[in-house]
Every structure is written in C-alpha cells, then in structure tokens.
Amino acid sequence: MLDIKFVRENAELVRQSCRNRRARVDLEQLLALDGKRREILPTLEALRQERNRVSQEVGRAKKAGTDPSAVFASMKQVGEQIKTLEQELGQVDELLQELLYAIPNLPHASVPVGEDENANELVGVWGTPPEFDFEPLNHWDIGEGLGIVDFERAVKMAGARFTLLKGAGSRLERALINFMLDLHTTQHGYLEILPPFMVNSKAMTGTGQLPKFAADLFKVQDTDYWLIPTAEVPVTNLHMDEILEELPLRYTAYTPCFRAEAGSYGKDVRGLIRLHQFDKVELVQFVHPEKSYQHLEELTSHAETVLSQLELPYRRMCLSTGDMGFSSAKTYDLEVWLPGQKTYREISSCSNFEDFQARRIGVRFRDKGRKNTELAHTLNGSGLAVGRTMVAILENYQQADGSVAIPEVLQPYMGGLKKICVEDK
RNA sequence: GGAGGGAUGGCCGAGCGGUUUAAGGCGGCGGUCUUGAAAACCGUUGACCCAAAAGGUCCGUGGGUUCGAAUCCUACUCCCUCCGCCA
C-alpha cells in the first residue's frame, strides 16, 4: 500500500505508474475521498474537544456539589453530531482503504518500462549450457524413465497439476531442501523458520495477495484459513505490528506452496513446472530503507549461489513494469537453462517491496537514539523453487543411458549417491 | 466438542462511570556518586493522525447505553485452566 499523503502529493506520478503497470485504478475517486476525509476530520476533532472539555467540567461540578445537568441537553446534541460524523468518516475510510489497496507499488526508477515480459532486461548470464552428443530429453521423460516421478497416480488422487515423487526422486527433493537451507543458514546469515502453511486473511492482505488476488489462492472452506502460495506470506508477517530494534533481519523458510493457477489453462501442462503444490525455500529480509537496494543485490546473489553451487547455467533478468508483481518495486528473476526445452525458465524471483508491505503489516523500526519510528523495507526471493531445481538437474545432468548424475554438493545429502539410475528407483 | 477464567503501554500489573493528560514496578535511556563498574539515589521513557503548535485517536475487535466509557451491556476474536478426543 502506498502512503496516502504520497499519493495526494504525487498524483500524476502514481497515475503514470498505474498505467505502466497496466493497473486500472480510480485515482479521482480516491483523491475526492481523501479530500472529504480531510474536511470531516477537523470538524469532528473540534466537537470531540468540546465534549472532553465539558465532561471534565461536569466531573468537577459534581465533586463540588453543584448541579451540572443544564449542559446535558446541548451536549447530547454534540454527542449525536460526533456519532454522525464518525459514521461518515468510517465509510469514507473504508472506501479509501479499499482503493488504496488496489494501487500497485511504484516501480523503482531503474525498472524498464514495458508492456510485458518482452520488455524485461537481461542483466547477466552465468555458466555454460551443457553439450550433449544425444538429443536431450524433457524432465518428465527422464523422471518417468527413472521411475522417480509419477504423474498419473497423483492425478487420480488429486487431479491435474499434482504429481508425486518416488524413491530417489523424493530423496532428491529432500536433499535440495536441506542443501538450500543449510547454505543460507550457515553461509548467508539467515535464521530458519518453519511457519504455518495456512494463514488468515489479515496476513494475506499484509503481503498483498488479498484483496485483489483471491482467485490465485486456495481457501479452506468455512474458515478464514488460506493455503500459503509462498513462505513470503507467513514469514513477512512474522513481525506484524512490531517496532524492530535491529536491522537487517534475515529469514529463510522451507514450505510447500499452493497456487490455484487460475487462468493458466494450457500452459506448462506437462511435467513439474506448474503445479498446484510445490516446494520452495524462501529468503526474506527486513532492512533499513536506505540500504534496501544493496540488500536486493545481496539477496539475489544468495539465490544465485544455489545455482552456481549446483553448477546450473542461468541468467538474471530485471522485470519490466508490465511483468512485475503487484507489491514489488523492483524484481530480478533468475532463469535456469533447461536443455530439454532449450529455453531459460524462471526458478527464482527476488524483489524489493520497499515499504509497501511494511505499511500494510505495520513493521517499523527505530534507529538507535532516534525518537521517531520509520517503516522498514521488506524483500524476498526464492532460494530456490525446489521442484524447478529438480527439473533443471534432471535436464542438465542427464546422461545418454537415461541416468542422471547428482551434482557434487548434493551427494552428501543423497547418502553419497553419484547418479540416479533406473535400478535406484 | 463441554465447563470455567482472562485480554490494560517493551514486559508485569492497578484501575470497575467523571482532574486517568492510565497508578506502581521491571526493563530502557540520561545523571549523581565511583579510577571504572555494580548498588543506591534523582530524572526521563508508548504508538498513531496533524507541516508544527493546539488538539484528537488508541486499554483485544465491532456495535450499544450515557452529558461523559479502560470501567456498564452485547456480539465476535484470541489466550489460559479443567474435562473429552487425539498425532
């Protein structure tokens, strides 16, 4: 959520930003409501001041033994006026809030302006795509060939966009989770969190999934519980309504992620790329506003370290205004090379939300020795999407005989296994 | 699921209709004393709205009663204790 004061004073900038982000927002109504609010407030406060003053007088009179009841009739009217204005203000506030919630974050000046992903900017490319002396397979053919992924049975018990892993596949997933968590906690200074996998509406609103994107989420019937679409939600809400004493704070969390994937019919229907449930290790930071872009570089490099340690070729993109997430001010996507599909695919998304989420969640901090509180900046990034990392390993490490080599750093997590062959299933 | 108890400032905790601009304590900060520290003593110390002052809001959340609500009524949420069930 943007600061209403900022919107008021920079209406044109906000209008342009919404246009660049392809968001339709009724800014005129918002500004009109803001004006109305600022009209009501002084009147209301003057009346309340009057009521406070007279009430004190009544108290004093009663104590002194005189009869104060002469003012009661007129004060009753004041009370009624206050109630009327409060109701009016409440309605204005509610609508104002609703409109404010619908405005996407302001993109950082360095973000390329553009319609969609075609306007994304290539930041850099790392690693060399492997050469094969055979035609590399898709990960679903490799996985099924090895018997470590079962697409059909998962569909029977759950439906489309669900899969299940078996044997060395399950273990590889588990190995990846542990490897990533260990890397971030021991090398990058993150504290591991194991959060709830369901959260309430307030938390979903805090990070920006609600109220606008309910259709992308799964909700538990007859409750206020939503399945988390990413660990970003519980972990960023960790410090709801708190004044932090020390920054930066770095958290990492493994969770499954649940996404309704509404509107993605026909996209990535095969394989492990787009599922209703997938595993992810997330990185979240709470940082000082002056340093949040340094931290974005740092956090992104932490995600990149996972890729480089796994020796997977990847590139970094800076998302354009049209392709960025609603709450983000700047986002880098890391895209891993997939030889079976001969393309780069998103495996991590690292964003600086500046104070957009912090304002909704109420995360502030106080500089040592300072009196005022200030909103913290929040960031997060995938470090990494585990299922897609499995895809990348299957495709990049595939061998002519149908087996898949295990990246060296994962071998300790696989009980020393160097290669998944058909007989290992 | 049943019965009972509770929710007050960073924490503990008083207040149960009118100088509450929320007592007191702990913690934090500043000072006195000390070579330094501790102890002791003195002072100070919530958030939010408002450019600021003045002022206003906030005692779990919403609604109500009243001239006036932390205090009374009401609904909801959450927490605790006991019973039941249970990995």
Side-chain angles (χ1 to χ4, degrees), chain A residues 1-11 30-31 33-100 194-206 210-211 219-220 222-226 234 237-247 249 256 286 289 355 357-376:
Chain A
M1 164 168 75
L2 296 178
D3 182 9
I4 179 65
K5 203 192 304 171
F6 179 89
V7 177
R8 183 191 305 143
E9 288 164 5
N10 301 274
L30 190 147
L31 292 170
L33 282 168
D34 177 50
K36 191 163 182 195
R37 184 190 138 80
R38 279 146 50 82
E39 214 170 275
I40 296 170
L41 216 52
T43 319
L44 177 60
E45 289 194 355
L47 286 168
R48 287 207 276 227
Q49 183 180 0
E50 170 76 358
R51 181 174 68 183
N52 288 346
R53 190 181 58 77
V54 174
S55 292
Q56 275 188 10
E57 271 173 23
V58 169
R60 272 194 290 265
K62 279 216 163 176
K63 203 155 259 181
T66 45
D67 178 15
S69 57
V71 296
F72 285 0
S74 70
M75 287 316 289
K76 193 178 174 74
Q77 280 205 336
V78 171
E80 270 155 20
Q81 281 178 49
I82 288 174
K83 192 178 285 180
T84 309
L85 283 178
E86 276 176 347
Q87 273 165 3
E88 214 175 308
L89 185 69
Q91 283 169 7
V92 169
D93 273 345
E94 201 177 316
L95 249 164
L96 198 58
Q97 184 83 335
E98 208 173 289
L99 290 170
L100 215 46
L194 188 68
F197 299 164
M198 293 185 248
V199 299
N200 59 30
S201 302
K202 191 178 178 201
M204 281 293 186
T205 307
L210 293 179
K219 186 171 190 193
V220 181
D222 298 327
T223 70
D224 187 37
Y225 299 141
W226 303 77
N237 278 285
L238 192 61
H239 294 296
M240 186 187 291
D241 295 322
E242 287 183 32
I243 298 169
L244 305 173
E245 295 296 335
E246 218 172 294
L247 295 176
L249 294 172
F286 298 85
D355 61 16
Q357 295 179 326
R359 184 170 294 107
R360 291 175 168 220
I361 297 174
V363 188
R364 292 151 293 161
F365 73 100
R366 198 194 315 270
D367 265 337
K368 280 209 173 69
R370 293 278 290 279
K371 202 169 153 51
N372 297 344
T373 62
E374 207 179 324
L375 291 168

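Numbers restart at 1 for each chain; the letters A, B, ... are given by sequence-line order, proteins then strands. Computed from a predicted structure; not experimentally measured.
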Please report the closest heavy-atom contact between [X] and [Y], naming both atoms and the distance.
X: A:Ile82; Y: A:Leu44; result: O-CD1, 3.8 Å
X: A:Pro234; Y: A:Pro196; result: CG-O, 3.8 Å
X: A:Asn237; Y: A:Gly206; result: OD1-CA, 4.2 Å

With [atom1] as the reference atom in both, quote the distance from [N] to [M] in angstrom, rounded to an integer.
N: B:G46; M: B:A23; atom1: P; value: 11 Å
N: B:C73; M: B:U65; atom1: C1'; value: 7 Å
N: B:G5; M: B:C72; atom1: P; value: 15 Å
N: B:G56; M: B:U45; atom1: C1'; value: 22 Å
N: B:A38; M: B:C33; atom1: C1'; value: 12 Å
N: B:G18; M: B:U71; atom1: P; value: 12 Å
N: B:G60; M: B:A70; atom1: P; value: 10 Å
N: B:A14; M: B:U8; atom1: C1'; value: 10 Å

Is the shortest heavy-atom distance from the side chain of [X] to the side chain of [Y] under 4.5 Å?
X: A:Leu238; Y: A:Val363; answer: no
X: A:Met75; Y: A:Val78; answer: yes
X: A:Gln357; Y: A:Arg360; answer: no

From [atom1] of [X] over to [atom2] of [N], roughly how many Å is that when rounded to an integer?
X: A:Glu242; N: B:C11; atom1: CD; atom2: P; value: 10 Å
X: A:Arg53; N: B:G56; atom1: CZ; atom2: P; value: 11 Å
X: A:Arg359; N: B:C48; atom1: CZ; atom2: P; value: 13 Å
X: A:Asp93; N: B:G62; atom1: CG; atom2: C1'; value: 15 Å
X: A:Arg48; N: B:C50; atom1: CZ; atom2: P; value: 14 Å
X: A:Arg366; N: B:G10; atom1: CZ; atom2: P; value: 9 Å
X: A:Glu245; N: B:A47; atom1: CD; atom2: C1'; value: 13 Å
X: A:Leu244; N: B:G28; atom1: CG; atom2: P; value: 20 Å

Q: Spell out yes or no: do the side chain of A:Gln49 and the base of B:G55 have one donor N/O and one acceptor N/O closer than 3.5 Å?
A: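 Checked by distance alone, the answer is no.
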Paired with [N]: which nucleotide, if any, by Watson-Crick or G-U wobble criteria at under 3.5 Å for both distances?
N: B:C16; answer: none
N: B:C82; answer: B:G2
N: B:U77; answer: B:A7
N: B:A53; answer: none
N: B:G30; answer: B:C42

**Q.** A:Asp34 (side chain) donor-acceptor with A:Arg37 (main chain) under 3.5 angstrom
**A.**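 Pair absent, no side-chain N/O of A:Asp34 close to backbone of A:Arg37.
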Q: Would you indicate, yes or no, if B:U20 has its OP1 or OP2 atom less than 4.0 angstrom from a side-chain nitrogen or oxygen of A:Gln56?
A: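 It does not, given that no N or O in the side chain of A:Gln56 lies less than 4.0 Å from OP1 or OP2 of B:U20.
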Q: List in chain and number order the residues that pass salt bridge (Lys or Arg N to Asp or Glu O under 4.0 Å) with A:Glu86, two or more places apart in sequence or in another chain; answer none if no residue qualifies.
A: A:Arg48
Q.
Would A:Glu39 and A:Lys36 count as a salt bridge (Lys or Arg N to Asp or Glu O under 4.0 Å) here? Give the steps.
A. CA-CA 5 Å; A:Glu39 214 170 275; A:Lys36 191 163 182 195; over 6 Å; no
Q: Using the closest heavy atom to pick a nucleotide of RNA chain B for each, name whichever of A:Ile4 or A:Ile243 lands nearer the 5' end.
A: A:Ile243
Q. Nearest nucleotide by nearest heavy atom, which residue falls closer to the 5' end of RNA chain B, A:Arg37 or A:Asn52?
A. A:Arg37
Q: Would you indicate what A:Ser74 reaches in the nucleic acid, counting non-hydrogen atoms under 4.0 angstrom: base, sugar-phosphate, or nothing?
A: nothing
(Q) Within the 4.0 Å limit for protein heavy atoms, which parts of nucleotides 65-74 of chain B are touched? Write it as a string from 5' to 3', B for base, S for sugar-phosphate only, - for none. (A) S-BS------
